[in-house]
Q: 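Could you have a look at this structure, given as structure tokens, before my questions?
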Amino acid sequence: MILNKTTVKAAVLLFLFFSVPIVQAQRQMEYLNRGVVAVQAGKDSVFVSWRLLHSDEENVAFDVYRQTARGKPVKLNKKPMTEVTSLMDIAPLANGLYSYSVKPVKGGEEGSCILEKTEAGNPWLTIPLQTPDRYSPGDISPGDLDGDGDYELVVHMTGRGRDNGQRGATDEPVFHAYKLDGTLLWRINLGRNIREGAHYTQFMVYDLDGDGRAEVVMKTADGTTDGKGKVIGNATADHRNEDGHIVRGPEFLTVFDGLTGAALASTNYWPSRDPSGDNPSAEEMNEVWGDGRANRSERYLACVAYLDGVHPSIVMCRGYYTRSTLAAYDWHDGKLTLRWTFDSDDNTPGNRDYRGQGNHNLSVGDVDGDGCDEIIYGAAVIDNDGKGLYSTGLGHADAMHFSDLDPSHPGLEVFNIQEKFSDAGLNFRDAKTGEVLWRVASVKADEAGGDKGEGPGRGVSFNVDPRYSGNECWAFGAQMKGMWNAQGKKISETTPTTCNFAVWWDGDLLRELLDKNQVMKWDWNAEKVVPLMVANDCTSNNGTKSNPGLSADLFGDWREEVVLRTTDNKSLCIFTTTIPTNHRFVTLMQDPIYRLGIVWQNVAYNQPPHPGFFMGDDMGKVIKPNIKIVKSKR
């Protein structure tokens, strides 16, 4: 072979083509503004915080100003702020209106907010609601419904609900959308043919078509009334049986306009309760789902995922105790199209392994590094193309956590529990391969004195102890006492007294515990929880689950807000930390795994979100995700 400049150049190009990784496409994500918030931390102190954005330069510096109605702006920082995105304004301040503004020193997104300082000095924001009689505000999902860079809140107004196995009719599920000042944007009533309860009414709030404004997606039926008063299907139909269950009649999937609540498009919900038609018998239901009581067939999950790595898709799910099904849809150019379906019970080779592996919740993220999202469906994972990636065969559980839970192990991990007795009451696996890295057996029934087959009902994985690398794990139920580190070593015989949500609240990188109306710190030396914040006159949701309406990084710096309803159900309170910190991160809402975790947080048995990176004293450098910000053109 004769070598010359042409052949050498061609060889070099071929080498570069095959050796350099293909650059993954950018995910389209919502525009967020600076998110400045100011709340009173004391009689003469105000805590001001703001977002660090994905678009900011790494060394961006900020100046912060305070202004009164008659005064000139006063700069509050002596030198440009480069280490944190918060500031404590300590000064003798009279009651009245104060404006705080944040400006990048070298240009960029500016932001401002107005604080009405009062003698009471409440460190939270209050949103007045128009709650219907006999209803209470339940699960909440945020979305930028009007495209201005601030979040609005979609609130599930819950009336009398019932679990799947309970007899009796429920109230009609109602949804409201509010701006943070309490402006009601719309009401949607799902009607009598959608049952009220944690397992029925999943709602997805996200910008699905990249127009800069979020849509709302829900399962609907005959009699659903949209935000403009238009009825979907037959307004007079009543498909409830003598037990109050709904086992017949058409089922729809509807996309609603986030700003107006208008129904934009509907399609038949897949799969139907039974392929034979809209009125299956109990025997037919039992054959398809494993019971004829509208229990296993009426277990719904939902999420949003970037299945092509660029555009978000809706994934609606039905069943997990036995038959498990998922259907992915795209919403583009005013059209709702089916992308793929997955059915554990069809004739596809290997699909039967995914039967009965789902949880009462799910998670979403790119587990295999191809730039596209997978669906973590409990003990199994569905690939972005709608095919099974793997099934562990460990079965159904109530709680699951997905992130970089162990920074000493490559990639991402899943912590799960197991509802029935097995050798995997707690199990910790590689998210990409499904390899179980460690497991802890449930206590046998004859040893625990409990029901045969008892397993843990709750389990968590949070970084609460700085002495160990990664997240600590523990569970409630089946007499599983103690705490384990991320490598599966038992580090304590004491179980924390809460096993629920978590929130980044104080100034360090450990996560605080959130349960009922309290934020608590785990004291790893004394092995007890210590209250940091108690939300008096506020309460949690979902009965014994004791979930917040929402926990998310809604505004301000990287710490999270907690949204709770007042005990009279007339308002929401958004609690935000006033504790200084020495750390700064890009807002968690621009981390893809965390943002999609906020979307699915309202699903079934609510779970807390995690980012796609480990946060702790031993964390590595956070790599910015490859995202493209989409602004509204309206």
Side-chain angles (χ1 to χ4, degrees), residues 359 378-379 392-431 433-451 453-502 508-515 520-530 607-608 610 614-619:
N359 275 21
T392 66
L394 294 177
H396 167 74
D398 283 13
M400 177 178 66
H401 298 261
F402 162 65
S403 179
D404 187 3
L405 307 176
D406 179 4
S408 69
H409 178 267
L412 303 170
E413 297 81 36
V414 177
F415 171 75
N416 207 3
I417 57 177
Q418 222 291 331
E419 188 175 72
K420 298 298 182 183
F421 169 74
S422 73
D423 65 346
L426 308 185
N427 55 89
F428 194 97
R429 73 177 191 258
D430 183 294
T433 66
E435 176 190 0
V436 177
L437 302 174
W438 57 266
R439 64 179 76 195
V440 177
S442 304
V443 177
K444 293 182 179 179
D446 56 356
E447 296 175 357
D451 294 334
E454 181 184 10
R458 299 188 187 187
V460 298
S461 180
F462 305 132
N463 180 23
V464 296
D465 190 331
R467 298 173 296 180
Y468 305 95
S469 177
N471 283 16
E472 286 69 53
C473 307
W474 65 94
F476 274 8
Q479 306 244 340
M480 300 195 71
K481 296 180 179 179
M483 182 184 289
W484 289 259
N485 67 10
Q487 295 76 43
K489 179 182 177 182
K490 194 169 190 179
I491 59 175
S492 175
E493 295 296 331
T494 301
T495 307
T497 53
T498 175
C499 189
N500 197 0
F501 264 57
D508 63 28
L509 298 181
L510 299 173
R511 213 159 187 194
E512 283 64 60
L513 304 176
L514 171 60
D515 191 26
M520 296 159 281
K521 186 79 173 178
W522 174 245
D523 183 336
W524 58 89
N525 288 315
E527 295 194 325
K528 65 179 183 179
V529 295
V530 179
Q607 295 291 293
H610 295 273
F614 174 75
M615 189 179 291
D617 291 336
D618 54 340
M619 68 186 295

Q: Please find the pair of heavy atoms, one from Asp404 and one from Gly411, that lie closest to each other, and give the distance.
A: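 Where Asp404 meets Gly411 most closely, the heavy atoms are OD1-O, 3.3 Å.
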Q: Would you give the length of the straight line joining atom OG of Ser442 to atom CD1 of Ile417, rounded to the nearest 0.5 angstrom?
A: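 Here the interatomic distance stands at 9.0 Å.
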Q: Ignoring hydrogens and angles, write down the donor-acceptor pairs under 3.5 Å from the side chains of residues 456-463, residues two or more places apart or on other chains.
A:
from, atom 1, to, atom 2, distance (Å)
Arg458, NH2, Thr544, O, 2.5
Asn463, ND2, Met615, O, 3.1

Q: Can you check whether Thr498's main-chain N or O pairs, donor with acceptor, with Trp474's side chain at less than 3.5 Å?
A: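 Yes, because the side chain of Trp474 sits within donor-acceptor range (under 3.5 Å) of the backbone of Thr498.
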Q: Is any side-chain heavy atom of Asp423 closer than 4.5 Å to one of Arg439?
A: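 Yes, side chains in contact.
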Q: Between the side chain of Asn485 and the main-chain N/O of Lys489, is any donor-acceptor distance below 3.5 Å?
A: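 Answer holds: yes.
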Q: Do you know which two heavy atoms are closest between Phe614 and Gly470, and how far apart they sit?
A: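 Nearest pair, atom of Phe614 first, then Gly470: CE1-CA, 3.5 Å.
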Q: Looking at Asn500, is its backbone amide N or carbonyl O close enough to the side chain of Asp515 to form a donor-acceptor pair, meaning the two atoms are under 3.5 Å apart?
A: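 The answer is no, because no donor-acceptor pair under 3.5 Å joins these two groups.
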Q: Any side-chain heavy atom of Met619 within less than 4.5 Å of one from Leu509?
A: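 In short, these two side chains touch, coming nearer than 4.5 Å.
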Q: Give the minimum heavy-atom separation between Ala475 and Thr495, together with the two atoms involved.
A: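 Taking Ala475 first and Thr495 second, the nearest heavy atoms are O-CG2, 3.8 Å.
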Q: Would the distance check show the side chain of Glu472 and the main-chain N or O of Val464 forming a donor-acceptor pair, the cut-off being under 3.5 Å?
A: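 Looks like yes, one N/O pair under 3.5 Å.
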Q: Side chains of Trp484 and Leu426, heavy atoms from C-beta outward: is any pair under 4.5 Å?
A: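 When only atoms from C-beta onward are counted, Leu426 and Trp484 do touch, with a gap below 4.5 Å.
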Q: Is there a side-chain contact between Tyr468 and Ile491 in this structure, where contact means two heavy atoms from C-beta onward sitting under 4.5 Å apart?
A: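 Answer yes - side chains close enough.
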Q: Kindly compute the distance separating CZ (Phe415) from CG (Asp406), expressed to the nearest 0.5 Å.
A: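 So the CZ of Phe415 and the CG of Asp406 are separated by 13.0 Å.
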Q: Any chance you could measure Ser403, atom OG, to Asn471, atom CG, to the nearest 0.5 Å?
A: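 Output value for this atom pair is 7.0 Å.
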Q: Which label fits His610 and His401: parallel for a plane angle under 30°, tilted from 30 to 60°, or perpendicular past 60°?
A: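 Answer is perpendicular, since the angle exceeds 60°.
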Q: When rounded to the nearest 0.5 angstrom, what distance separates CD in Glu493 from CE in Met483?
A: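 CE of Met483 is found 11.5 Å from CD of Glu493.
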Q: Below 4.0 angstrom, N of the basic side chain to O of the carboxylate: do Lys521 and Asp508 qualify?
A: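 Salt bridge present between Lys521 and Asp508.
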Q: Can you name the nearest heavy-atom pair linking Ala486 to Ser469, along with the distance?
A: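 Answer, listing the atom of Ala486 first, then Ser469: CB-O, 3.7 Å.
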Q: Are any of the side-chain heavy atoms of Asp430 and Glu413 separated by less than 4.5 Å?
A: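 No, too far: nothing below the 4.5 Å cut-off.
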Q: Would one find more than 12 heavy atoms of other residues, nucleotides or ligands at under 6.0 Å from atom NZ of Lys490?
A: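 Yes.
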Q: Do Asp398 and Gln607 touch side chain to side chain, with heavy atoms closer than 4.5 Å?
A: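 The answer is no, as the side chains (C-beta and beyond) never meet within the 4.5 Å cut-off.
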Q: Any side-chain heavy-atom pair from Leu437 and Glu435 closer than 4.5 angstrom?
A: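 Side chain of Leu437 against side chain of Glu435, heavy atoms only: contact under 4.5 Å found.
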Q: Under the rule for side-chain contact (heavy atoms from CB on, under 4.5 Å), what residues qualify as partners of Thr497, not counting sequence neighbours?
A: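 With sequence neighbours excluded, Thr497 shows a side-chain contact (heavy atoms from CB on, under 4.5 Å) to Val529, given in chain and number order.
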Q: Assess the residue pair Val414 and Met400 against the criterion (side chain to side chain contact (heavy atoms under 4.5 Å, CB included)); give the C-alpha distance rounded to whole Å, side-chain angles, the decisive distance to 0.1 Å, and a yes or no.
A: CA-CA 7 Å; Val414 177; Met400 177 178 66; 3.7 Å; yes
Q: Indicate whether the side chain of Asn427 and that of Gln418 have a donor and an acceptor atom separated by less than 3.5 Å.
A: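 Short answer, no.
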Q: Can you measure from CG (Leu394) to OG1 (Thr392) and round to the nearest 0.5 angstrom?
A: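 Leu394 CG to Thr392 OG1: 3.5 Å, rounded to 0.5 Å.
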Q: How long is the straight-line distance from NZ of Lys481 back to OG of Ser492, given to the nearest 0.5 Å?
A: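 Answer rounded to 0.5 Å: 12.0 Å.
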Q: Arg429 and Ala379: which non-hydrogen atoms are nearest, and at how many Å?
A: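 In terms of heavy atoms, the two residues are closest at NH1-CA, 3.7 Å.
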Q: How close do Pro496 and Phe476 get, heavy atom to heavy atom, and via which atoms?
A: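 Pro496 and Phe476 have their closest heavy atoms at O-CE1, 3.3 Å.
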